[in-house]
Amino acid sequence: MQLTRFTDYALRALIYLGLHNDRLVTISEIADAYGVSENHLMKIVHRLAKQGYVATTRGKGGGMRLARAPEAINIGELVRATEDDLALVECFQSGPPRCPIVHACTLQGVLAQSLNAFFDVLDRYTLADLLHPKAKLVAIFGAANAAQ
């Protein structure tokens, strides 16, 4: 299983915002910090704002910040909210199954348990847990900004 780039960037954006929660941050700042596309990040931030993770301020001097405390942002919830398709295999998808063994196969149950275990672990963590070691993370971004 692999998370989409959308979810990866959403997690990274929230980590950046959590590390800089004392001020407004711009999309270009986050894009520069991670070396990712501003256009793609803009779509992600828009969705995060609609879902209540990010608060945005438009106009000159605008930017964004976390809309919730890092302790209130559950990682499992975030991944579920940003992944559009968690169907690990075809038989998890809606519609008639094309696999001829779907009605006798135990693989579907095994994979469902695996997906549940994956989310059980993610559900134990919040954004606050991902902000450690804070000094080291902030230093990495400072070094990245100095190199540009």
Side-chain angles (χ1 to χ4, degrees), residues 1-98 107-148:
M1 181 178 159
Q2 182 174 350
L3 296 177
T4 61
R5 189 171 292 149
F6 191 96
T7 298
D8 179 18
Y9 290 0
L11 287 162
R12 290 198 235 174
L14 292 178
I15 289 169
Y16 193 91
L17 291 172
L19 293 170
H20 299 89
N21 211 15
D22 58 330
R23 63 182 176 84
L24 290 175
V25 174
T26 64
I27 287 176
S28 61
E29 183 180 341
I30 296 173
D32 288 346
Y34 288 115
V36 300
S37 161
E38 279 189 46
N39 288 334
H40 193 53
L41 198 54
M42 205 173 302
K43 294 173 193 170
I44 293 165
V45 167
H46 177 72
R47 186 151 156 198
L48 291 173
K50 284 179 69 172
Q51 293 172 331
Y53 292 103
V54 173
T56 60
T57 304
R58 291 180 171 250
K60 188 175 179 175
M64 65 189 137
R65 64 172 28 114
L66 293 176
R68 308 180 202 171
E71 298 80 13
I73 298 175
N74 180 272
I75 301 305
E77 176 188 297
L78 175 75
V79 170
R80 286 180 190 90
T82 56
E83 284 294 316
D84 290 328
D85 183 9
L86 291 169
L88 296 179
V89 290
E90 180 185 300
C91 56
F92 280 36
Q93 297 170 351
S94 60
R98 293 186 303 195
L107 178 61
Q108 185 176 10
V110 171
L111 292 175
Q113 282 183 315
S114 298
L115 186 60
N116 288 336
F118 175 74
F119 279 108
D120 285 345
V121 172
L122 292 180
D123 287 339
R124 292 184 218 144
Y125 294 91
T126 67
L127 179 60
D129 297 314
L130 304 183
L131 301 179
H132 299 288
K134 187 173 183 173
K136 199 172 197 177
L137 290 168
V138 170
I140 289 169
F141 288 124
N145 291 340
Q148 293 178 1

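Computed over heavy atoms, backbone and side chain alike; hydrogens, waters and symmetry mates excluded.
Residues E38 and S28 come closest through the heavy atom pair OE2-CB, 3.4 Å. Taking both residues in full, the closest heavy atoms of G52 and A67 are given as O-CB, 3.4 Å, listed atom of the first, atom of the second, then distance. E29 and Y16 make their closest contact through OE2-OH, 2.6 Å (heavy atoms, listed as atom of the first residue, atom of the second, distance). Residues S37 and A31 approach most closely at C-CB, 4.5 Å, considering heavy atoms. What you find for T26 and G62 is that their closest heavy atoms are CG2-O, 4.0 Å.
Contact of the L41 side chain with the I27 side chain is registered, since non-hydrogen atoms from C-beta on lie closer than 4.5 Å. Between L127 and L11 there is no side-chain heavy-atom pair separated by less than 4.5 Å.
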Cut-off 3.5 Å, no hydrogens considered: what does the side-chain donor-acceptor table look like for residues 69-89, sequence neighbours left out?
{"residue": "N74", "atom": "OD1", "partner": "G76", "partner atom": "N", "Å": "2.9"}
{"residue": "N74", "atom": "OD1", "partner": "E77", "partner atom": "N", "Å": "2.9"}
{"residue": "N74", "atom": "ND2", "partner": "D123", "partner atom": "O", "Å": "2.8"}
{"residue": "E77", "atom": "OE2", "partner": "Y53", "partner atom": "OH", "Å": "3.1"}
{"residue": "E77", "atom": "OE2", "partner": "R68", "partner atom": "NH1", "Å": "3.1"}
{"residue": "R80", "atom": "NH1", "partner": "G76", "partner atom": "O", "Å": "3.2"}
{"residue": "R80", "atom": "NH1", "partner": "D123", "partner atom": "OD1", "Å": "2.8"}
{"residue": "R80", "atom": "NH2", "partner": "D123", "partner atom": "OD2", "Å": "2.9"}
{"residue": "T82", "atom": "OG1", "partner": "T7", "partner atom": "OG1", "Å": "2.8"}
{"residue": "T82", "atom": "OG1", "partner": "L78", "partner atom": "O", "Å": "3.0"}
{"residue": "T82", "atom": "OG1", "partner": "V79", "partner atom": "O", "Å": "3.4"}
{"residue": "E83", "atom": "OE2", "partner": "T4", "partner atom": "N", "Å": "2.8"}
{"residue": "E83", "atom": "OE2", "partner": "T4", "partner atom": "OG1", "Å": "2.8"}
{"residue": "E83", "atom": "OE2", "partner": "T7", "partner atom": "OG1", "Å": "2.6"}
{"residue": "D84", "atom": "OD1", "partner": "R47", "partner atom": "NH2", "Å": "3.0"}
{"residue": "D85", "atom": "OD1", "partner": "A87", "partner atom": "N", "Å": "2.9"}

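Taken from CZ in R12 to CD1 in I44, the straight-line distance is 9.5 Å, to the nearest 0.5 Å. If you take CD on Q108 and CD on Q113, they are separated by 12.0 Å, rounding to the nearest 0.5 Å.
Heavy-atom contacts from other residues, nucleotides or ligands closer than 6.0 Å to CZ of R58 number 12 or fewer.
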Steps toward side-chain contact (heavy atoms from CB on, under 4.5 Å) verdict (M64, L17): CA-CA 8 Å; M64 65 189 137; L17 291 172; 3.8 Å; yes
Residues K134, L137; criterion side-chain contact (heavy atoms from CB on, under 4.5 Å); working and verdict: CA-CA 5 Å; K134 187 173 183 173; L137 290 168; 5.8 Å; no
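Salt-bridge formation is not detected for the pair R124/D120: no Lys NZ or Arg NE/NH1/NH2 atom is positioned less than 4.0 Å from an Asp or Glu carboxylate oxygen.
Among residues two or more places apart in sequence or in another chain, the ring-ring contact (aromatic ring centres under 6.0 Å, His included) test is passed with H40 by Y9.
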